[in-house]
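All remarks here apply to the structure that follows.
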Amino acid sequence: MAKKRYRILFDAPVTIIFVLLTIAAFFANIFLKDSLVPLLFTCRSLKAPTPEAAFNFKNAMDYVRLILHVFAYADLPSLLMNAVLLLLLGSILEERYGSLMLFLMIFIASLVSGVLTACAPQQPFSGSDSIVFMMIILLSLTALAKRTVQISWLLAFIVFIAYKVHGYTTSSITNVTAVLQENLSLFINLAGGICGSLAGFLIAPKKSRKAAAKTDWKAGSDDTTQLMTDPDLS
């Protein structure tokens, strides 16, 4: 009897490469003593406190940072949490919509969050929160298209926002204005995620969404049929 062989499946290339790039950027920044992120992966604001740190329309690198800022993180806990979410959610979306479409959605979410950052009165920032928001929202939109509201995705969205608000906020929770100012980048990332998810949901071929809905329905029907016919489960 021949033994079954296991094979390594590169199932979600865009998602895996994206996560590997964020990890590589993080450790490269540590190796270069925190000089790489400000140089290459930090999106700058037009209203930065100093001209050197402000967005410069004549500097081509500032336009590149509008996209590359999603690859950098300042601390390891945020990197690890986002990496887990990206791998779990991204693999589902990449299987459903395809690698090219997921790449386009990531690009749109990155660009929108980068442009909004350039226009916002705040310090420069980096990170792929907008991509995580995009994936959670897009999966929720797919469920809404089937006229269902999935509590699991709603709770995931709320918990992720609560985690980020807790990490960014240093003021008293009663000072609503200060909390909003400190979490301005969070709202910018949320806006980028919404734009990326809507673009993917509207641009993606309808047949891919119908196929996903049909697969989900068929899987549910198979489970129900097995439950009704299996004597061990009845």
Path from [X] to [Y] over hydrophobic side-chain contacts below 4.5 Å:
{"X": "Phe133", "Y": "Val159", "result": "no"}
{"X": "Leu20", "Y": "Phe31", "result": "yes"}
{"X": "Leu88", "Y": "Phe160", "result": "no"}
{"X": "Leu139", "Y": "Val84", "result": "no"}
{"X": "Leu68", "Y": "Val70", "result": "yes"}

Any side-chain heavy-atom pair of [X] and [Y] under 4.5 Å:
{"X": "Asp11", "Y": "Ser91", "result": "yes"}
{"X": "Leu138", "Y": "Leu198", "result": "no"}
{"X": "Leu154", "Y": "Ser140", "result": "no"}
{"X": "Leu36", "Y": "Phe26", "result": "no"}
{"X": "Phe55", "Y": "Tyr63", "result": "yes"}
{"X": "Met105", "Y": "Ile131", "result": "no"}
{"X": "Leu40", "Y": "Met61", "result": "yes"}
{"X": "Ile23", "Y": "Tyr73", "result": "no"}

State, to 0.1 Å, how close [X] and [Y] come at their nearest heavy-atom pair, and which atoms those are.
{"X": "Pro38", "Y": "Thr42", "result": "CA-OG1, 3.5 Å"}
{"X": "Arg65", "Y": "Leu39", "result": "NH2-O, 2.7 Å"}
{"X": "Ile137", "Y": "Gly193", "result": "CD1-C, 4.2 Å"}
{"X": "Leu46", "Y": "Phe57", "result": "CD2-CE1, 3.5 Å"}

Please check if the number of heavy atoms outside Leu9 that lie under 6.0 Å from its CG is greater than 12. yes
What distance separates [X] [atom1] from [Y] [atom2], expressed to the nearest 0.5 Å?
{"X": "Leu116", "Y": "Ser45", "atom1": "CG", "atom2": "OG", "result": "11.0 Å"}
{"X": "Ser130", "Y": "Ile194", "atom1": "OG", "atom2": "CD1", "result": "11.5 Å"}
{"X": "Ile158", "Y": "Ile136", "atom1": "CD1", "atom2": "CD1", "result": "11.0 Å"}
{"X": "Leu79", "Y": "Ser128", "atom1": "CG", "atom2": "OG", "result": "8.0 Å"}

Please work out whether the ring planes of Phe71 and Phe41 are parallel, tilted or perpendicular, with thresholds of 30° and 60°.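 Answer is perpendicular, since the angle exceeds 60°.
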Trace of the side-chain hydrogen bond (donor to acceptor under 3.5 Å, both in side chains) decision for Asn29 with Asp34: CA-CA 5 Å; Asn29 183 62; Asp34 295 330; 3.1 Å; yes
side-chain contact (heavy atoms from CB on, under 4.5 Å) with Phe18: which of Thr22, Ile16, Thr15?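 The side-chain contact (heavy atoms from CB on, under 4.5 Å) with Phe18 is passed solely by Thr22 among Thr22, Ile16, Thr15.
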Going through the checks in order, is the side-chain contact (heavy atoms from CB on, under 4.5 Å) test met by Met135 and Leu102? CA-CA 9 Å; Met135 292 181 175; Leu102 181 62; 4.3 Å; yes
Who passes side-chain hydrogen bond (donor to acceptor under 3.5 Å, both in side chains) against Ser99, sequence neighbours left out?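 side-chain hydrogen bond (donor to acceptor under 3.5 Å, both in side chains) list for Ser99, sorted by chain: Glu94.
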According to side-chain hydrogen bond (donor to acceptor under 3.5 Å, both in side chains), who are the partners of Ser78, at least two apart in sequence or on a separate chain? Asp75
Would you give me the side-chain donor-acceptor pairs under 3.5 Å for residues 107-115, sequence neighbours excluded?
| unit_1 | atom_1 | unit_2 | atom_2 | d |
| --- | --- | --- | --- | --- |
| Ser110 | OG | Ile106 | O | 2.7 |
| Ser113 | OG | His69 | NE2 | 3.1 |
| Ser113 | OG | Ala109 | O | 3.0 |
| Ser113 | OG | Ser110 | O | 3.0 |

